Amino acid sequence: MKTSFRMACAVAALAAVAVGTHAQEASTIDFGTDDSMWALDGECDDPRFEGIGMAEDPLEEGDTRADASDCRAAFEAGTISLVAVASSSKPLRNSMPLKRPMSAAEIDYGDDASLFANDGECDDARFIGDTLADPPLLPGDVGHDASDCKAGVEAGSLRLRGPGDPALEEALDDGELDEDDLALLAELEALLEAEGLDDIDPSRFDTPPADGIVFNGVNFGDDASEWSNDGECDDPRFEGEGQTDTTLLEADAYHDASDCLAAWKAGGLSLKDF
């Protein structure tokens, strides 16, 4: 069940967005490699770029030309652009080039923001071992299942991928569902509906961001959702045209501002009456 839901999440994450107008074509940019430890997490970490598709500051000099897939995808989607003039005062996470951790003590496990955090399995594809969740894994879970992955490393059942191991890309979801996947997904959705497990409880929503985007008296929040800027509103507070058809998550309340505001302005979206 978890595998089907994971792949369904990946499909939603790969939904098409409008392609912006660039001052420079992607084919003329040297995006580099995916050697950064933050590569393939859905955010661009290369400090040569700026925009809503970037990871949060501070960035690292060591990630320059080392997050190619994320940055190319964001650039082609129009959510980032090259910084016009490099600023020597731009905050950096580390003034030295980032090196891959060589021991368990040096690993940055990240946080527990993954939907699959704290389930006893590590969902971060940077790791390999007996307590790694079954593939395919989600790029968005890299660095976001800290407790499970740290426990696995400390127990000796996990380690970081290294030379000779299957490539990181092999463990990540390609976003495609076959007939068996679709059948399992339908079964899961029916089970959730029958048991009332898909009910949304507003009491579990995050507190509205104080600096959120406010329009027509509605606090749309921010774009912190993993599914933000995908052309669909994933905030469970809303309903109507422009709302995603995928399962809504309480964790996305107040965190898909741009998509939901666009649908609201188009006239097809309204607040639910909980």
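These numbers come from a predicted model, not from an experiment.
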Hydrophobic cluster identity match, [X] and [Y], side-chain contacts under 4.5 Å:
X: L160; Y: V153; result: yes
X: I80; Y: L59; result: yes
X: I213; Y: L269; result: yes
X: L138; Y: L115; result: yes
X: F220; Y: L249; result: no

From [X] atom [atom1] to [Y] atom [atom2], the distance as rounded to the nearest 0.5 Å:
X: C44; Y: E50; atom1: SG; atom2: CD; answer: 11.0 Å
X: E121; Y: L158; atom1: CD; atom2: CG; answer: 10.0 Å
X: M37; Y: E60; atom1: CE; atom2: CD; answer: 8.0 Å
X: S81; Y: M54; atom1: OG; atom2: CE; answer: 9.5 Å
X: K150; Y: I107; atom1: NZ; atom2: CD1; answer: 10.0 Å
X: S157; Y: L132; atom1: OG; atom2: CG; answer: 9.5 Å

For [X] and [Y], work out which heavy atoms get closest and say how close.
X: P202; Y: I200; answer: CD-O, 3.5 Å
X: R161; Y: P166; answer: NH1-O, 3.1 Å
X: G53; Y: A74; answer: O-CB, 4.5 Å
X: Y109; Y: R126; answer: O-NH2, 3.8 Å
X: A257; Y: G221; answer: CB-O, 3.5 Å

Please confirm whether the backbone N or O of [Y] pairs with a side-chain atom of [X], one donor and one acceptor, at under 3.5 Å?
X: D70; Y: L40; result: yes
X: T79; Y: I52; result: no
X: D63; Y: D46; result: no
X: R159; Y: G129; result: no
X: D124; Y: G143; result: yes
X: N219; Y: P209; result: yes
X: D252; Y: P236; result: no

Under 3.5 Å, is there a donor-acceptor pair between the [X] and [Y] side chains?
X: D223; Y: S228; result: no
X: S36; Y: D67; result: no
X: D34; Y: S69; result: yes

Worked check of side chain to side chain donor-acceptor pair (under 3.5 Å) between D141 and S114: CA-CA 5 Å; D141 285 335; S114 167; 2.8 Å; yes

Should W38 and E43 be marked as a side-chain contact (heavy atoms from CB on, under 4.5 Å) after you check the CA-CA gap, both sets of side-chain angles, and the distance that decides it? CA-CA 8 Å; W38 316 112; E43 297 178 320; over 6 Å; no

For side-chain contact (heavy atoms from CB on, under 4.5 Å), just list the numbers for F116 and L137, CA-CA rounded to whole Å, side-chain angles, deciding distance to a tenth of an Å, and then say yes or no. CA-CA 10 Å; F116 308 109; L137 303 172; over 6 Å; no

Would a 4.5 Å heavy-atom cut-off, applied to side chains only, mark [X] and [Y] as touching?
X: R65; Y: C71; result: no
X: F49; Y: I29; result: yes
X: D112; Y: N118; result: yes

A quick test of your reading: do over 12 heavy atoms of other residues, nucleotides or ligands sit less than 6.0 Å from CG of D206? yes

Students often mix this up, so state it plainly: with edges at 30° and 60°, are the rings of Y254 and F205 parallel, tilted or perpendicular? perpendicular

Is the F31 ring parallel, tilted or perpendicular to the F75 ring (thresholds 30°, 60°)? perpendicular

When you look at L248 and Q243, which way does the side-chain contact (heavy atoms from CB on, under 4.5 Å) test go after all the steps? CA-CA 9 Å; L248 295 172; Q243 188 81 355; 3.5 Å; yes

Go through it in stages, so that I can follow the logic: the residues are S225 and D256, the test is side chain to side chain donor-acceptor pair (under 3.5 Å), and I'd like the CA-CA distance, side-chain angles, deciding distance and then a yes or no. CA-CA 6 Å; S225 168; D256 194 13; 5.4 Å; no

Who pairs with L271 by side-chain contact (heavy atoms from CB on, under 4.5 Å), at least two apart in sequence or on another chain? V218, R237, F238, W264

